[in-house]
Number of protein chains: 2
Amino acid sequence: MRLVIARCSVDYAGRLTAHLPSAPRLILVKADGSVSIHADDRAYKPLNWMSPPCTLKEADGVWTVVNKAGEKLIITMEEVVHDSSHELGVDPGLIKDGVEAHLQELLADRIETLGTGYSLIRREYPTAIGPVDILCRDGDGGTIAVEIKRRGEIDGVEQLTRYLDLLNRDPHLSPVKGVFAAQEIKPQARVLATDRGIGCVVLDYDALRGIEDDKLRLF
Amino acid sequence: MRLVIARCSVDYAGRLTAHLPSAPRLILVKADGSVSIHADDRAYKPLNWMSPPCTLKEADGVWTVVNKAGEKLIITMEEVVHDSSHELGVDPGLIKDGVEAHLQELLADRIETLGTGYSLIRREYPTAIGPVDILCRDGDGGTIAVEIKRRGEIDGVEQLTRYLDLLNRDPHLSPVKGVFAAQEIKPQARVLATDRGIGCVVLDYDALRGIEDDKLRLF
DNA sequence: TTCTTAATCTCGTGG
DNA sequence: CCACGAGGTTAAGAA
């Protein structure tokens, strides 16, 4: 990892063209060859960057970074204030918890959360346009397609609607009803879902996990 | 901007919980108080971060970053290899070209690109669910709603479909046909659009801009 | 390789 | 403050 603090101007030509006027900035060159340029605000997003794989050439204070697609990042250095390099090695990586895949696992294991008598058919039920998160039966033996999101917005309702259209063309399954399950459902998504006869369920992640933990403790 | 290279472990508890095992990394503390943690690969995304506004407290090698929503980032420092601070000032910011807004401008100025006899009604035609990119008339006097994207995907077709549903409820406008215009249209989006009677047009940005450039040269 | 979907998405804009 | 759309989205996973 090479850290450079310098006054520089930057030009990018690729998916769009962009220009950064001359100013002091941080330039990061990482071990994989990637380059990013940061201002002194915002944690997440660099002002400009080039993702790996790419190659960097330095000549007369002009750095040219090119990738395979022919995108170019040109950094014109004016005043280098700091320049240091450090060996970091490969990072062991982030361990996450609480994402959609985990919600799906938890809900599949506790499908009765959706209602009395519910039973799982399968997770990731395959269709021509992609897998439905959960397919299950309700207490009356009817088929239910469940779409799970961390945050339920309009896109998720549209997605579930496409699945339902398709599933209902299959005479073996039809009629299939829809349930939109999320930790948080935005009002507009709820309105759209309700308008289309899709049920909405707010999931309590801690409660679902708590149930799982109780289960685990039994063994 | 403070640059710290250190062996550290990191815990995040907020929208999810996540953990980074001990390893050497770069920790960036920016002037706005934001903190990000980078490994030695990938230009764009930090391993962990806390967006501003947030506050940082250091105590006995443990850094605690908290934001207003109660999200927490805890960095346990083990071996500090480098620690330097630099004044950068406010960045003048990025100047962009080639985005959707520009495409919309160009197409509005050359609406005949869509077909002979086409004429602009207006850009950003307001509806209850948001503005339609372009509303225009075709050669036969029929009304056309145009949705413009840089990359045309299913979401864009859904969006246009919602606009068309709404516009066709207005007896002054109905019947309104749809055109999906993009620099690149994904196959699935094309299939969905065609299935719904929506026309697809691939835009040539350079050609549109070239036409504009020719126009400018006349004055 | 291409395509699809999730993301601690981020970031702007407008009501 | 929320809702919505765009992003050089990025990044991961499947076909």
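Just so it is clear, the values below take in all heavy atoms, side chains as well, and ignore hydrogens, waters and symmetry mates.
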Residues A/R162 and A/E147 bridged, charged N to O under 4.0 Å: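 So A/R162 does not pair with A/E147 through a salt bridge.
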Any salt bridge between A/R110 and A/E105, counting N to O under 4.0 Å?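 A salt bridge is absent here (no side-chain N lies under 4.0 Å from a carboxylate O).
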Practice problem: State the CD1-CG distance between A/I75 and A/D11, to the nearest 0.5 angstrom. | Solution: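 The distance works out to 10.5 Å.
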Rounded at 0.5 Å granularity, tell me how far CD1 in B/I27 sits from CH2 in B/W49.
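Going from CD1 on B/I27 over to CH2 on B/W49, the span is 16.0 Å.
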Of the listed nucleotides ([options]), which one gets closest to any side-chain atom of [X]?
X: A/R42; options: C/dT5, C/dC11, D/dA11; value: C/dC11
X: A/Q159; options: D/dA3, D/dA11, C/dA6; value: C/dA6
X: A/K45; options: C/dT5, C/dT8, C/dC11; value: C/dC11
X: B/E147; options: C/dT8, D/dA6, D/dG8; value: D/dA6
X: B/S51; options: D/dG8, D/dG5, C/dT10; value: C/dT10

Starting at atom [atom1] of [X], determine the distance to atom [atom2] of [N], rounded to an integer number of angstrom.
X: A/D133; N: D/dG13; atom1: CG; atom2: P; result: 16 Å
X: A/L94; N: D/dA11; atom1: CG; atom2: C1'; result: 13 Å
X: A/L160; N: C/dT5; atom1: CG; atom2: C1'; result: 15 Å
X: B/E71; N: C/dA7; atom1: CD; atom2: P; result: 15 Å
X: A/Y163; N: C/dT4; atom1: OH; atom2: P; result: 11 Å
X: B/Q104; N: D/dA6; atom1: CD; atom2: P; result: 10 Å
X: A/R151; N: D/dG5; atom1: CZ; atom2: C1'; result: 14 Å
X: A/E158; N: C/dA6; atom1: CD; atom2: P; result: 14 Å

Determine if B/Y44 stacks with D/dT10; use a centre-to-centre distance below 5.5 Å and an interplanar angle below 30° as the criteria.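 B/Y44 ring does not meet the centre or angle cut-off for D/dT10; no stack.
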**Prompt:** Looking at A/H102 versus A/Y205, is the centre-to-centre ring distance below 6.0 Å?
**Reply:**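 Ring centres of A/Y205 and A/H102 closer than 6.0 Å.
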| Given the P atoms of D/dA11 and C/dC11, what is the spacing between them in whole Å? |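 My reading of the P atoms in D/dA11 and C/dC11 gives 15 Å.
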Using atom C1' of each nucleotide, how far apart are C/dA6 and D/dG7 to the nearest Å?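 That atom pair is separated by 15 Å.
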Margin query: Taking any heavy-atom pair under 4.0 Å as a contact, classify B/D155: base, sugar-phosphate, or nothing.
Written below: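 The answer is nothing, as B/D155 stays clear of every strand by at least 4.0 Å.
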By the 4.0 Å heavy-atom rule, please label A/P131 as base, sugar-phosphate, or nothing.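 Since no nucleic acid heavy atom lies under 4.0 Å of A/P131, the category is nothing.
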A/M50 vs A/K186, nearer the 5' end of DNA chain D by closest nucleotide =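 First, find each residue's nearest nucleotide; the 5'-ward one identifies A/K186.
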Of B/A43 and B/K96, the one whose closest DNA chain D nucleotide lies more 5':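 Closest to the 5' end, via its nearest nucleotide, is B/K96.
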Mind listing the residues from residues 12-36 of chain A sitting with a heavy atom below 4.0 Å of DNA chain D? Number order is fine.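 Residues of residues 12-36 of chain A that come under 4.0 Å of DNA chain D are, in numerical order, A/Y12, A/R15, A/L16.
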- Check: A/K30 side chain, B/A39 main-chain N or O, donor-acceptor pair, under 3.5 Å: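 A pair under 3.5 Å: yes.
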Could you pull out the closest heavy-atom pair between A/L47 and B/L94, with the gap in Å?
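Here A/L47 and B/L94 meet closest at O-CD2, 3.8 Å.
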Phosphate oxygens OP1/OP2 of C/dA6: is one of them under 4.0 Å from a side-chain N or O of A/K149?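 For C/dA6, OP1 or OP2 has a side-chain N or O of A/K149 closer than 4.0 Å.
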* For A/A101 and for B/P52, locate the closest nucleotide of DNA chain C by heavy-atom distance; then report the residue assigned to the nucleotide nearer the 5' terminus. =>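 Looking at the nearest nucleotide for each, A/A101 comes out on the 5' side.
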inquiry  = Between B/N48 and A/G130, which residue's closest nucleotide on DNA chain C lies nearer the 5′ terminus?
reply    =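 Nearer the 5' end of the strand: A/G130.
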Are the side chains of A/V66 and A/T64 in touch, meaning some heavy atoms are under 4.5 Å apart?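 Result yes, sub-4.5 Å side-chain heavy-atom pair found.
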